[in-house]
Peer 1: 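I'd like to ask you about the structure that follows.
All ligand and atom numbering here is 1-based and tracks the order in the structure. The structure presented is a predicted model; accordingly, all values stated were derived computationally and were not measured. Values reported hereafter were calculated over all heavy atoms of this structure, with side chains retained and with hydrogens, waters and symmetry mates removed.
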Amino acid sequence: MTSTQVAIIGGGPAGLLLARLLRLSGIDCVLLERKDRAYVLSRIRAGLLEQGTVDLLRQVGCDERLARECLVHDGCDLTFDGDTLRLAIHELTGKRVTIYGQTEVTRDLMDVHAATGTACYYDADVIRIDDVTGPRPRVIYVHDGREHTLTCDWVAGCDGFHGVARRTIPADVLRSFERVYPFGWLGILADVPPCSHELIYANHPDGFALATMRSATRTRAYVQVPNDARVEDWSDERFWNEYKRRLGPTTAAKVVTGPSIEKSIAPLRSFVAEPMRHGRLLLAGDAAHIVPPTGAKGLNLAVADVRRLAEALDSHYSTGTSTLLDGYSAACLARVWKAVRFSWWLTRLMHQFPEMDSFERAIQRTEFDYLKTSRAAQTSLAENYVGLPYV
Ligand code: APR
Ligand code: PHB
């Protein structure tokens with residue numbers, strides 16, 4: 001394959017969904033993924049889908065298994081030092097959230113591409129993107145030990161935080177904004193029933209914990225750990241004991257423990273790169289922004305980006321105009337920054353920050369108390385949690 005209309009770098013959720021949307025619009029694209037399928041599927045990520053994400057997966061014909069296996073939630077619990085607020089999401093917003101692992105979304109998208117013959121190349125490592133400000137950019141990649149060149153009209157940088165696309169934007173053009181948090185999330189998967197039918201976000205004096213799930217028989221659980229924590233220092237027993245402590249005695253009594261089938265530590269960061277377009281290079285998903293997993297916005301933001309990018313490319317090829325492409329970056333960033341703000345705010349509310357002084361801890365506690373007593377505050381949280389409208 002030497003030329004196409006749209007070269008997609010990255011075969012995570014953003015790249016895979018964009019390829020599906022473009023194919024349904026009749027736009028020729030080639031997806032290049034540096035790893036193999038098994039590696040991409042081995043990455044365990046969050047599992048909460050906004051309604052917009054579910055609707056789009058249905059629109060592109062990738063929702064059959066999701067509809068069968070997902071869990072739909074009307075609310076979640078937030079606890080603060082043993083005090084509990086149930087956030088009645090559906091009552092407050094009229095919307096629900098869907099629990100379905102990102103790995104499963106990725107698998108479903110891979111399957112539809114395999115079934116429809118989309119040009120997805122694995123073990124294809126993009127090493128450079130040339131001439132992104134010219135009329136025909138060139139994507140240089142290595143596959144089977146040989147260098148190849150893919151010429152295209154547009155390049156979609158869906159290659160995540162560590163990819164090559166964002167680095168192609170000149171330093172004097174790119175503006176980045178970052179906050180690295182002084183802790184990470186130690187997460188496990190275990191084939192034991194969840195301790196609650198909804199999610200529980202817990203701020204305990206010893207740190208944050210999140211009780212979530214992948215199904216009625218598979219638990220996903222997290223505890224906040226220091227940045228220098230090592231997985232090998234956390235036995236399953238140590239994890240479960242700390243998890244139960246932070247959830248409190250009532251919930252702890254419902255925790256079924258069992259062997260972890262996956263255990264990993266994820267660092268937390270907020271990051272935004274501007275602009276999300278440079279010449280004929282357009283960034284989408286983690287290539288342009290990272291959010292702490294607290295608000296479960298990572299996948300949903302990637303979906304919102306590629307939904308807008310596919311619409312802009314479809315408009316360009318069908319009408320010859322570039323209005324939507326010209327407005328792509330500003331339109332995406334308007335929504336990205338609101339999700340970055342919400343994820344930062346919820347992370348600040350629900351975690352123990354080592355550097356917080358007594359005043360800041362009092363403010364954190366007051367923020368929770370205000371949430372408990374104000375329907376307006378709960379509505380604000382809920383409308384961000386379910387996902388702000390696509391504008
Ligand atoms: N060439 C080809 N592929 C690359 C390159 C490269 N130079 N660099 C990175 N990639 C691939 C990675 O191997 C990865 O599979 O790009 C893909 C990017 O996928 P993600 O990192 O999953 O990013 P995205 O598709 O934007 O999805 C965002 O994934 O990481 C989670 O929390 C994140 O939920 C969010 C979602
Ligand atoms: C998850 O299920 O992995 C998950 C759910 C909600 C979050 C974060 C992670 O806010």
Peer 1: Consider ligand 1: state whether an atom of it lies below 4.0 angstrom from any non-hydrogen atom of Ala165.
Peer 2: no

Peer 1: Counting non-hydrogen protein atoms only, what is the nearest one to atom 33 (C) of ligand 1? Give residue, atom name and distance.
Peer 2: Asp286 OD2, 3.0 Å

Peer 1: Could you tell me if Arg34 sits above the aromatic ring of Tyr141, with its cationic atom closer than 6.0 Å to the ring centre and no more than 45 degrees from the axis?
Peer 2: no

Peer 1: Would you please classify the geometry between the His351 ring and the Phe183 ring as parallel, tilted or perpendicular, with 30° and 60° separating the classes?
Peer 2: parallel

Peer 1: Would you mind running through ligand 1 and noting each atom that sits below 4.0 Å from a heavy atom of Ile9?
Peer 2: 1 (N), 2 (C)

Peer 1: Considering non-hydrogen atoms of the protein only, which is the closest contact for atom 4 (C) of ligand 1, and what is the distance?
Peer 2: Arg34 CG, 3.7 Å

Peer 1: Check whether NZ of the Lys or CZ of the Arg Arg348 lies under 6.0 Å from the centre of the six-membered ring of Phe353 and within 45 degrees of that ring's axis.
Peer 2: yes

Peer 1: What protein heavy atom is closest to atom 14 (C) of ligand 1, reported as residue, atom name and distance in Å?
Peer 2: Arg43 NH2, 3.2 Å

Peer 1: Can you tell me how far the CG atom of Leu371 sits from the CG atom of Leu78, to the nearest 0.5 Å?
Peer 2: 7.0 Å

Peer 1: Ignoring hydrogens and angles, tell me if any N or O in the side chain of His278 forms a donor-acceptor pair with the backbone of Thr168 under 3.5 Å.
Peer 2: no

Peer 1: Is it true that a side-chain atom of Asp74 and a backbone atom of His90 form a donor plus acceptor pair closer than 3.5 Å?
Peer 2: no

Peer 1: Could you see which bit of Cys158 sits under 4.0 Å from ligand 1, with heavy atoms only: side chain, backbone, both or neither?
Peer 2: backbone

Peer 1: Is it true that the side chains of Arg179 and Tyr181 contain a donor and an acceptor less than 3.5 Å apart?
Peer 2: no

Peer 1: Heavy atom under 4.0 Å from ligand 1: found in Ala287's side chain, backbone, both, or neither?
Peer 2: neither

Peer 1: For atom 21 (O) of ligand 1, what's the nearest protein heavy atom and its distance?
Peer 2: Gly160 CA, 3.8 Å

Peer 1: Salt bridge check, Arg307 against Glu311: does any charged N sit closer than 4.0 Å to a carboxylate O?
Peer 2: no

Peer 1: Is Val164 close to ligand 1, meaning an N/O of one under 3.5 Å from an N/O of the other?
Peer 2: no

Peer 1: To which protein heavy atom is atom 31 (C) of ligand 1 closest, and what is the distance rounded to 0.1 Å?
Peer 2: Arg45 NE, 3.2 Å

Peer 1: Short list, please: which atoms of ligand 2 are under 4.0 Å from a heavy atom of Tyr201?
Peer 2: 6 (C), 7 (C), 10 (O)

Peer 1: Quick one: which ligand 1 atoms are inside 4.0 Å of a heavy atom on Gly285?
Peer 2: 26 (O)

Peer 1: Distance check, rounded to the nearest 0.5 Å: Trp234 atom CH2 versus Ile188 atom CD1?
Peer 2: 11.0 Å

Peer 1: Tell me: protein heavy atom nearest atom 25 (O) of ligand 1, and distance?
Peer 2: Ala14 N, 3.0 Å

Peer 1: What protein heavy atom lies closest to atom 7 (N) of ligand 1? Include the residue and the distance to one decimal.
Peer 2: Val126 O, 3.0 Å

Peer 1: For a side chain to side chain contact (heavy atoms under 4.5 Å, CB included) check, start with the C-alpha distance between Trp154 and His316, then their side-chain angles and the critical distance, and finish with the verdict.
Peer 2: CA-CA 11 Å; Trp154 302 93; His316 169 72; 3.5 Å; yes

Peer 1: For ligand 2 and Tyr222, I'd like to know whether there is a polar contact (N/O to N/O, distance under 3.5 Å).
Peer 2: yes

Peer 1: Just to confirm my output: which protein heavy-atom neighbour is closest to atom 19 (O) of ligand 1, and how far is it?
Peer 2: Gly12 CA, 3.6 Å

Peer 1: Who's closest to atom 8 (C) of ligand 2 heavy-atom-wise, of Pro194, Pro293, Gly295, Pro292?
Peer 2: Pro293

Peer 1: Given Val97, which of Leu199, Asn300, Thr53, Leu48 fulfils the side chain to side chain contact (heavy atoms under 4.5 Å, CB included) condition?
Peer 2: Leu48

Peer 1: Heavy-atom contact under 4.0 Å between His162 and ligand 1?
Peer 2: no

Peer 1: Could you go step by step and tell me if Thr257 and Phe239 meet the side chain to side chain contact (heavy atoms under 4.5 Å, CB included) rule?
Peer 2: CA-CA 10 Å; Thr257 64; Phe239 176 90; over 6 Å; no

Peer 1: Measure the acute angle between the ring planes of His148 and His143, then classify it against the limits of 30° and 60° as parallel, tilted or perpendicular.
Peer 2: tilted

Peer 1: Under a 3.5 Å threshold, yes or no: a donor from one side chain and an acceptor from the other, between Asp55 and Tyr390?
Peer 2: no

Peer 1: So is Ala46 touching ligand 1 or not, going by heavy atoms under 4.0 Å?
Peer 2: no

Peer 1: Any side-chain to backbone donor/acceptor pair from Arg65 onto Arg107? Under 3.5 Å, distance only.
Peer 2: no

Peer 1: Gly163 heavy atoms, cut-off 4.0 Å: which ligand 1 atoms fall inside?
Peer 2: 8 (N)

Peer 1: List ligand 1 atoms under 4.0 Å from Leu32, heavy atoms only on the residue side.
Peer 2: 2 (C), 3 (N)

Peer 1: I would like to know whether Arg167 and Asp159 meet salt bridge (charged side-chain N to carboxylate O under 4.0 Å, His left out); could you show each step before the answer?
Peer 2: CA-CA 11 Å; Arg167 296 202 306 269; Asp159 51 350; over 6 Å; no

Peer 1: Under 4.0 Å from any heavy atom of Lys35, which atoms of ligand 1 are there?
Peer 2: 13 (O)

Peer 1: Which atoms of ligand 2 have any heavy atom of Ala46 under 4.0 Å away?
Peer 2: 1 (C), 3 (O), 9 (C)

Peer 1: Check this for me - ligand 2, Trp185, N or O atoms closer than 3.5 angstrom, yes or no?
Peer 2: no

Peer 1: Can you list the atoms of ligand 2 that are under 4.0 Å from a heavy atom of Leu199?
Peer 2: 5 (C), 6 (C)

Peer 1: Considering only heavy atoms of Ala124, which atoms of ligand 1 have at least one such atom less than 4.0 Å away?
Peer 2: 1 (N), 2 (C)

Peer 1: State the atoms of ligand 2, each with its element, that fall below the 4.0 Å cut-off from a heavy-atom position in Ala296.
Peer 2: 6 (C), 7 (C), 10 (O)

Peer 1: Taking distance alone, with no angle check, do Arg220 and ligand 2 share an N/O pair under 3.5 Å?
Peer 2: no

Peer 1: What part of Ile99, side chain, backbone, both or neither, has a heavy atom within less than 4.0 angstrom of ligand 2?
Peer 2: neither

Peer 1: Do you see a donor-acceptor pair shorter than 3.5 Å between the side chains of Ser264 and Glu262?
Peer 2: yes

